[in-house]
Amino acid sequence: MEWLGHFNYWIVVVLMMIGFYGVIARGNMVKKILALNVFQTSVFILFISAGKIIGGSTPILREGVSAYSNPLPHVLILTAIVVGVATVAVGLALAIRIREAYGSIEDDRIAAQEADEENRQSEPSR
Amino acid sequence: MFLVVVALAVIRVRDLFAATMLFAIYSLVSAALFTVLDAGDVALTEAAVGAGISTILVLAVLTLARRQEHPVPGHNLLALAVVLVTGAGLVYASMDLPEFGDPDNPVHGHVGSYYTEQTYADTGVPNMVAAVLASYRSIDTLGEAFVIFTAALGVFALLSVRPPARRSRARDGEEAP
């Protein structure tokens, strides 16, 4: 049990890094938002596993239960899930706007368009 | 472990529709994990909100955008290096965390044990999560409501106004392969 005691945390770290890689390396904005969500869920798992007590039970009062898991992280994560969806909604709305303005939600294409724009402005009337 | 596999698939798959569906599966699996970790309320919320509403939102965007992700040649080695270094640091730091599931962990010391012992006497609500959310921390929940309201305002502000410029160039971009 000695080395298994931190297994949950390692899974959390692996998930977090997968999400992080997605955010950095993927150009597509929808993909970035999904990766951000993966990252977010890993943080949720970290909090929930901090609140778990082995042999404990779901924190709803009832007969015949000796130990309850800690309800405080659960409350925090409930709030975080709902706020997370709100941020996802804003991010996707931004993506729609960017698509309408540039015709694409890929990072590299938008950067190329911006570069074109600057070239056109720097050498006018040719 | 299954979570890791699904998350990897979410990042790897180029088809955005498949990625969205895989993300819904990922949310459901994590909801199951929350149930195992005694967090029933969180599992319900994650299943409804993470697997349900998020997926619907992403699908709504995908009806407007292209379905295939633009392929990026090769791997992004710099990003991979950054991620590996950060991950190694976090694993090293996790060695200092208290052991999983121990009742003597510092998390359970301060206000958590007060909630588990006194909630019913204070509020008369048997579900501690609901009691803490709506009674002890109702001001925080009000703040959460403000956040959601602000987000909704932001979404409406972004989507209700027509963009004035760049109309013609947007057409060009769509026709390019």
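Here the structure is a predicted model, which means the values were calculated and not measured. Convention: sequence-line order gives letters A, B, ...; per-chain numbering from 1.
- Summarising the geometry, atom CD1 belonging to B/Ile53 is positioned 11.0 Å from atom CD1 belonging to A/Ile81; distances are rounded to the nearest 0.5 Å.
- Between B/Leu159 and A/Ile96 the shortest side-chain heavy-atom distance falls below 4.5 Å.
- With respect to chain B, the highest number of heavy-atom pairs below 4.5 Å among A/Val83, A/Leu78, A/Leu46 belongs to A/Leu78.
- The candidate with the highest count of non-hydrogen atom pairs below 4.5 Å against chain A, out of B/Val82, B/Leu90, B/Thr35, is B/Leu90.
- Listed options A/Thr87, A/Ile24, A/Asn37, A/Leu76 were ranked by heavy-atom pairs under 4.5 angstrom with chain B; first place goes to A/Asn37.
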Evaluate the criterion side chain to side chain contact (heavy atoms under 4.5 Å, CB included) for residue pair A/Thr79 and B/Thr141; output intermediate values, then yes/no. CA-CA 7 Å; A/Thr79 310; B/Thr141 309; 5.5 Å; no

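- B/Leu158 touches chain A through backbone and side chain together, each having a heavy atom under 4.5 Å away.
- Atom-to-atom distance recorded for B/Phe34:CZ and A/Thr41:OG1 is 7.0 Å, nearest 0.5 angstrom.
- Transitive grouping of hydrophobic side chains (ILVMFWY, heavy atoms separated by less than 4.5 Å) brings B/Phe23 and B/Val49 into a common cluster.
- Looking at A/Val90, both its backbone and its side chain come within 4.5 Å of chain B, counting heavy atoms on both sides.
- Put simply, A/Ile98 and A/Leu34 are part of the same group of oily side chains (I, L, V, M, F, W, Y) that touch within less than 4.5 Å, one to the next.
- Contact annotation for B/Thr86: both backbone and side-chain heavy atoms come within less than 4.5 Å of a heavy atom of chain A.
- A/Ala89 and B/Leu57 get closest at one heavy-atom pair: CB-CD1, 4.0 Å.
- When each of B/Ala151, B/Gly143, B/Gly154 is scored by its heavy-atom pairs under 4.5 Å with chain A, the top score falls to B/Ala151.
- Residue contact with chain B, scored on non-hydrogen atoms closer than 4.5 Å, is absent for A/Met29.
- Taking the side chain as every heavy atom from C-beta outward, B/Val61 and A/Val30 approach each other to under 4.5 Å.
- Linking Ile, Leu, Val, Met, Phe, Trp and Tyr residues whenever their side-chain heavy atoms come within less than 4.5 Å places A/Val85 and A/Val43 in a single cluster.
- Taking CD from B/Glu46 and CD1 from A/Ile77, the interatomic distance works out to 10.0 Å, rounded to the nearest 0.5 Å.
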